[in-house]
Amino acid sequence: MNALQQYIDLYDASREFIEQQSPALLNTLRREARERLASARLPRKGSEDYEASDLEAVFAHDYGVNVNRLPFDADPSEAFHCDVPNMSTCLYYTSNDAFHSSATAERNIGKVVVEPFSMAAVDYPELMASYYGKLANMDDPTVALNTLLVQDGLFIYVPDGVIAERPVQLVNIFNAALDMMVHRRILIIVGKNAAIKLLACDHTQSPDYQYLNNQVIEIVAMQGSTVDYYDMEESTPKTNRVSSIYVDQHEGSNVLIDGITLTNGFTRNNYHVEVNGEHAETHLLGMTIASGEQHVDSHTFISHNAPRCHSNEMFKYVLNDNAVGAFAGKILVQPNCPRVEAYQGNRNLCSAPTAKMYTKPQLEIYTDDVMCSHGSAVGQLDEEALFYMRTRGIGLEEARRLLMQAFVADVIDGVRLDALKDRLHYLVEKRFAGTLSSCAGCLAACRSND
Amino acid sequence: MLVIKDLQASIEDKQILKGINLTVKPGEVHAIMGPNGSGKSTLSAVLTGNPAYTVTGGSAEFYGKDLLALSPEDRAHEGLFLSFQYPVEIPGVSMVNFMRTALNEKRKYFGQEPLSAADFLKIMREKRSIVQLDNKLASRAVNEGFSGGEKKRNEIFQMAMLEPKLSILDETDSGLDIDALRIVASGVNTLKSKDNATIVITHYQRLLDYIKPDFVHVLYKGRIVMSAGPELALELEEKGYDWIKEQVDSQQ
């Protein structure tokens, strides 16, 4: 069986249609994607780098793909009333696979460019041509599939020297009334000495339908730039996601990527960071809180290709019930890269005997004179601490919650956006208390009309 | 307030307590002494409900309630407190959050509204001064990076916050220098009233110079083998435990 075949057949049947509706640039990579997919197979559970996750099974479901670009919804900002506590963002939406801006989107106008590929292909043809698809690697069949079927995407560009005043927030919503797969795509180019903070929140409005988001994000951080990308998933048990983030870091750039999963179905997050310039700094953080049948698999790769760079990686998981977590992290220090400092940590708490965690830390070093470490641990809640708290009158459930919150606190404190940090402490508290409703969610505190 | 009858307990099938009888009344201070391994810490663990121990017989009533049937947190709410021999570090949980949760859980137990932030901080400030606990320590994670002396002061601070009816001090003097010992002891004495009681578990007379006991009990091989007034502690300091051990062992 080959789950890819149904999507390849769909492409072959609708090729003209897809190409007509897409910017020409997107069509230039489809031939290669189609060729790659002809012989590709999605990884099954147990294959290399997929010890815990079965992509073939995830893609095998018969999802609808919106090749005809039918609008599902009016402007989603109409359907959401957003009240952003202590933080004003430039807010954008993706409704299923279609991009919308909102009234607050204009705040950074003239400085930060946020627009769909269809517009960017006209406004910034050279940038699009220079960077689209250049980082993403089509050896990964999910990336090839995204490239094959993507019809639009989001282009974010911060010109040289521009410091974005407000964070850019992207709220991704699934709300189609059918089982659906989307191919979200984002290209982020942050110019020399420019800075931006981005927050993406994934939500699902219709818990009854099965969705799959197969997304690809490319981030180019130019010399001296600062990029924060916070990626928060708060979806439903029937929402699945395969996400690949590729980062190219130039000299002296500072990139923070933070992947947060609070609620979801199946998620595979791939992070691929190429550190290509000296004195670059990379912070890769992850926090997963999973219960029920949630499945969260993170795969990270940081390649130090230049001397005197610093990377810091920490992923924490709290797993309950039948949740499955997986982490595989590899740090590669290429030859002739002295004075690289690279630290990787993965700490996991299984609060039920039925929860499972797979972890695989890896270091590969080809230069002397570097400082690297990796560590991984899986444990349970500290019984002594629980008893100590109970003797002070704190009930068992409350004591467990306090310890779980404490466990993830340092990852939350790594967030470089105060309003988001506060919000995350609050959300995590609610998540552990079991009172997080499906859309109490993101920073925008969206409330649907229903 | 506390009536213990023939209390027996084991850990991992090893019988530690073999029939403890002890009655404590309000206003009293009891010292429990005894050689290493006699079961002193086990007694405090069993009374506070440590799940590592199994009660195999006997009873313990606290103000007429079956203490052994209550969860550790409910025992705390009813007014039982244990100052740990080795206070536990809890990284990531701040003292403020810890104490506020503890106080509010107790209030909830008695059907009271939670404390306001201002009221809570006021109480915290007051009680901190009793054991001269630095504000910096109060804002840190529970016991994390505290010195031995700071940990013990922090135990007495928590005791002051929770206002228990019966406090068990398990080797609170271990690891303390003279100054810290004085601060801890004066904290305990400040909190003493005619309505509450204290059980002091210790190896040394030293602590009893500061916290004057009304009764001294010797625990040996899981039983209280001798009870007397404060003069017994002085005698033990002078003569050690061998004479009691011989007496008990020859009787068996």
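Worth knowing before you read on, the calculation uses all heavy atoms, side chains too, and leaves out hydrogens, waters and symmetry mates. All chains are named by letter (A, B, ...) in the order of the sequence lines, taking the proteins before the strands, and each is independently numbered beginning at 1.
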Is chain A contacted by the side chain of B:N104, its backbone, both, or neither, given a heavy-atom distance below 4.5 Å?
neither
Where does A:L396 contact chain B at under 4.5 Å (heavy atoms): side chain, backbone, both or neither?
both
Note: A:S298 and A:Y317 closest approach over all heavy atoms is OG-OH, 2.8 Å
Top of A:V408, A:T391, A:L403 for chain B proximity - count of heavy-atom pairs under 4.5 angstrom:
A:T391
Residues A:H203 and A:E234: closest non-hydrogen pair is ND1-O, 3.4 Å
What option among A:G395, A:A409, A:A399 has the most heavy-atom pairs under 4.5 Å with chain B?
A:G395
Which atoms of B:N143 approach chain A - backbone, side chain, both or neither, heavy atom under 4.5 Å:
side chain
B:M99 versus chain A, heavy atoms under 4.5 Å apart: side chain, backbone, both or neither?
side chain
When the 4.5 angstrom heavy-atom criterion is applied to A:E398 and chain B, the contacting part is side chain
Hey, can you tell me if A:Y388 and B:F98 have their rings parallel, tilted or perpendicular (30° and 60° cut-offs)?
parallel
Are the charged groups of B:D195 and B:K165 less than 4.0 angstrom apart, N to O?
no
Which class fits the ring pair B:H77 and B:Y109: parallel under 30°, tilted 30 to 60°, perpendicular over 60°?
tilted
Given that the side chain runs from C-beta out, which part of B:P87 has a heavy atom under 4.5 Å from chain A: side chain, backbone, both or neither?
both
Taking all atoms of both residues into account, what is the closest heavy-atom pair of B:F157 and B:M95, and its distance?
CE2-CE, 3.8 Å
